[in-house]
Student: 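Provided herewith is a single structure, encoded as structure tokens, for subsequent inquiry.
Quick caveat, the model's predicted, so the values are computed rather than measured.
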Amino acid sequence: MAGAAAARPGRSAGGDLRTRTLQEATAVVAEEGLASLTMASLAKRLGTSGGHLLYYFRSKNLLLVEALRYSEAALTEERAALLARRVTPARRLDLYLDLYLPAGPRDPRWMLWVELWARSGSDDELRAAQQELDQGWQRDLEAILAKGVDRGAFTIDDVPGRASQLLALLDGLSTRVVLGQPGADRPRALAAARDAAAVLVAAGG
């Protein structure tokens, strides 16, 4: 998947400490899970001190949020470019689906999302960050669907509601892929998403 693969931030020896910390934290979460991520272990990987990292991030939860925002930034730009492309509504929606789904098991960005979901139920700050990031995807999907309705390509009475339904489906498919559940892989998830989207938006020919 071109979108997800291009959007994942690479690990680099250069750059400022804050950026390198976010890159390294994302890699640790993807490879070992959030339980293995501590300020001390991360500082050791970066050749600095835990106290220095606390200057940038007050807690592991805040580090998680900032790492997710960092990994989502490139995708926000890709969605903006997608909305501006001169393609049919059906093609634009298909590109959105492709961009949304994880590249495969343990996709770093999606591993961050899984960890955020698990913790946001008991943390107001994490919940607010989750809602902020979700709203960007929701808003852009609504724009795609609304444009399709305007052009007569989609038949939808409630655009926000239909967008929420489609995103819930995508989240479920993505979670199965990123956790490597049996029978769940990216090609099958994308095919299922396309089939469901065609039904949900009643796409025209």
Student: According to the salt bridge (charged side-chain N to carboxylate O under 4.0 Å, His left out) rule, which pairs have a member within residues 65-77, sequence neighbours left out?
Tutor: Arg18-Glu66, Glu66-Arg69, Arg69-Glu132, Glu72-Arg109

Student: Once salt bridge (Lys or Arg N to Asp or Glu O under 4.0 Å) is applied, do any residues pair with Asp185, and if so which ones, sequence neighbours excluded?
Tutor: Arg188

Student: Once side-chain hydrogen bond (donor to acceptor under 3.5 Å, both in side chains) is applied, do any residues pair with Ser49, and if so which ones, sequence neighbours excluded?
Tutor: none

Student: Rounded to the nearest 0.5 Å, what separation is found between the CH2 atom of Trp110 and the CG atom of Leu179?
Tutor: 10.0 Å

Student: Enumerate the residue pairs fulfilling salt bridge (charged side-chain N to carboxylate O under 4.0 Å, His left out) with a member in residues 34-43, sequence neighbours excluded, ordered by first and then second residue.
Tutor: none

Student: Measuring only between side-chain heavy atoms, which start at C-beta, is Trp113 closer than 4.5 Å to Leu133?
Tutor: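 With C-beta onward as the side chain, the pair touches.
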
Student: I need the Lys60 NZ to Leu62 CG distance, nearest 0.5 Å.
Tutor: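 Here the rounded value is 13.0 Å.
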
Student: Between Leu68 and Leu64, is a side chain to side chain contact (heavy atoms under 4.5 Å, CB included) present by the stated rule, with each step listed?
Tutor: CA-CA 6 Å; Leu68 185 55; Leu64 170 63; 5.6 Å; no

Student: Using the test side-chain hydrogen bond (donor to acceptor under 3.5 Å, both in side chains), find all partners of Asp150 that sit at least two apart in sequence or belong to another chain.
Tutor: none

Student: Can you find a heavy atom in the side chain of Arg45 that is under 4.5 Å from one in the side chain of Thr21?
Tutor: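 The answer is no, as the side chains (C-beta and beyond) never meet within the 4.5 Å cut-off.
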
Student: For residues 80-91, run the donor-acceptor check on the side chains, cut-off 3.5 Å, and write out each pair with its distance to 0.1 Å, sequence neighbours left out.
Tutor:
unit_1 : atom_1 : unit_2 : atom_2 : d
Thr88  : OG1    : Arg91  : N      : 3.1
Arg91  : NH1    : Asp94  : OD2    : 3.4

Student: Any chance you could measure Leu42, atom CG, to Arg20, atom CZ, to the nearest 0.5 Å?
Tutor: 10.0 Å

Student: Roughly how far, to the nearest 0.5 Å, is CE of Met39 from CG of Leu54?
Tutor: 5.0 Å

Student: Applying side chain to side chain contact (heavy atoms under 4.5 Å, CB included) to Leu63 and Leu22, what does each step give before you reach the verdict?
Tutor: CA-CA 7 Å; Leu63 175 60; Leu22 296 175; 4.0 Å; yes

Student: Under 3.5 Å, side chain of Gln138 to main-chain N/O of Pro160, donor-acceptor pair present?
Tutor: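 Yes, the answer is positive, given that a donor and an acceptor are paired below the 3.5 Å cut-off.
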
Student: Whether the Gln131 and Gln135 side chains hold a donor-acceptor pair (N or O, under 3.5 Å, no angle test) is what I'd like checked.
Tutor: no

Student: Could you tell me if the side chain of Val178 sits less than 4.5 Å from the side chain of Val114, heavy atoms only?
Tutor: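 Val114 reaches Val178 side chain to side chain.
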
Student: Search all heavy atoms of Ala197 against all heavy atoms of Leu93 and return the closest pair with its distance.
Tutor: CB-CD2, 4.1 Å

Student: Which distance, rounded to the nearest 0.5 Å, do you find between the CG of Asp140 and the CZ of Arg92?
Tutor: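 Between atom CG of Asp140 and atom CZ of Arg92 there are 11.0 Å.
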
Student: Taking all atoms of both residues into account, what is the closest heavy-atom pair of Arg186 and Ala103, and its distance?
Tutor: CD-O, 3.6 Å

Student: Could you tell me which residues satisfy side-chain hydrogen bond (donor to acceptor under 3.5 Å, both in side chains) with Ser120, sequence neighbours excluded, listed by chain and number?
Tutor: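 Ser120 satisfies side-chain hydrogen bond (donor to acceptor under 3.5 Å, both in side chains) with Gln130 once adjacent residues are dropped.
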
Student: Quick test of your reading: applying ring pair (Phe, Tyr, Trp, His ring centres under 6.0 Å), list the pairs with at least one residue in residues 121-143, sequence neighbours left out, ordered by first then second residue.
Tutor: Tyr96-Trp137, Tyr100-Trp137

Student: Let me confirm one number: the CG-CG distance from Leu141 to Leu170, rounded to the nearest 0.5 Å.
Tutor: 8.0 Å

Student: Is the count of non-hydrogen atoms from other residues, nucleotides or ligands lying under 6.0 Å from Tyr55 atom OH greater than 12?
Tutor: no

Student: Is there any salt bridge (charged side-chain N to carboxylate O under 4.0 Å, His left out) pair reaching into residues 155-173, and which pairs are they, with sequence neighbours excluded?
Tutor: none

Student: What's the shortest heavy-atom distance between Ala163 and Glu142, and which atoms?
Tutor: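 It is CB-CG, 3.8 Å.
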
Student: Assess the residue pair Leu46 and Leu53 against the criterion (side chain to side chain contact (heavy atoms under 4.5 Å, CB included)); give the C-alpha distance rounded to whole Å, side-chain angles, the decisive distance to 0.1 Å, and a yes or no.
Tutor: CA-CA 10 Å; Leu46 291 164; Leu53 295 186; 4.1 Å; yes

Student: For the residue pair Thr26 and Pro108, what are the closest heavy atoms and their distance?
Tutor: CG2-CB, 3.5 Å

Student: I'd like to check the side-chain contact (heavy atoms from CB on, under 4.5 Å) partners of Lys44; sequence neighbours left out, ordered by chain and number.
Tutor: none

Student: Kindly give the heavy-atom pair with the smallest separation between Leu173 and Ala189, and that separation in Å.
Tutor: CD1-O, 3.6 Å

Student: Name all residues meeting the side-chain hydrogen bond (donor to acceptor under 3.5 Å, both in side chains) criterion together with Asn61; count only those two or more places apart in sequence or in a different chain, and write none if there are none.
Tutor: Arg119, Asp123

Student: Check whether Val177 and Leu166 end up in the same hydrophobic cluster, where Ile, Leu, Val, Met, Phe, Trp and Tyr are linked by side-chain heavy atoms less than 4.5 Å apart.
Tutor: no

Student: Return the set of residues passing side-chain contact (heavy atoms from CB on, under 4.5 Å) with Arg106 (not counting sequence neighbours), or none when no residue passes.
Tutor: Met111

